[in-house]
Amino acid sequence: MIEIKCPHCEVVGKEHIVSTESVEKSKNGDPWFHIAYCDKCGHVYGTFTKTVKRPTQNLYPIF
């Protein structure tokens, strides 16, 4: 089995990958995204969308 290792501090184990909700929130209080990072050094693995907004205008004309 392959162990996950942080590319920055080289700590090993998936238990060191944690996530935090964004400060920005939607109107109903849901976070816009989550940030996945190493709990030892803070290396950011990525952000993941939580709330998806749809356009308020139609992009195509309705006939």
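Heavy-atom basis, side chains included; hydrogens, waters and symmetry copies ignored. These numbers were taken from a predicted model, which means no experiment stands behind them. Nothing fancy with the numbering, it's 1 onward along the sequence.
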| Derivation of the side chain to side chain contact (heavy atoms under 4.5 Å, CB included) call for C38 and V11 | CA-CA 9 Å; C38 173; V11 68; 3.8 Å; yes

| task | Indicate the atoms forming the closest heavy-atom contact of C9 with C6, along with that distance. | result | N-SG, 3.6 Å

| field | Sequence neighbours excluded, every pair satisfying side chain to side chain donor-acceptor pair (under 3.5 Å) that has a member inside residues 39-48 | value | H16-D39

| remark: For V12, the side-chain contact (heavy atoms from CB on, under 4.5 Å) test, sequence neighbours excluded, returns E3, K5

| field | Co-membership, hydrophobic cluster, residues V18 and I35, 4.5 Å side-chain | value | yes

| field | Qualifying residues under side-chain hydrogen bond (donor to acceptor under 3.5 Å, both in side chains), relative to S19, sequence neighbours excluded | value | none

| query | Do F33 and V44 belong to the same hydrophobic cluster, where Ile, Leu, Val, Met, Phe, Trp and Tyr are linked whenever their side-chain heavy atoms lie under 4.5 Å apart, directly or via other members? | reply | yes

| remark: Closest heavy-atom pair, S22 versus K25, reported as atoms and distance to 0.1 Å, is O-NZ, 3.5 Å

| message | With a 4.5 Å cut-off on side-chain heavy-atom distances among I, L, V, M, F, W and Y, is there a chain of contacts connecting W32 to Y37? | response | yes

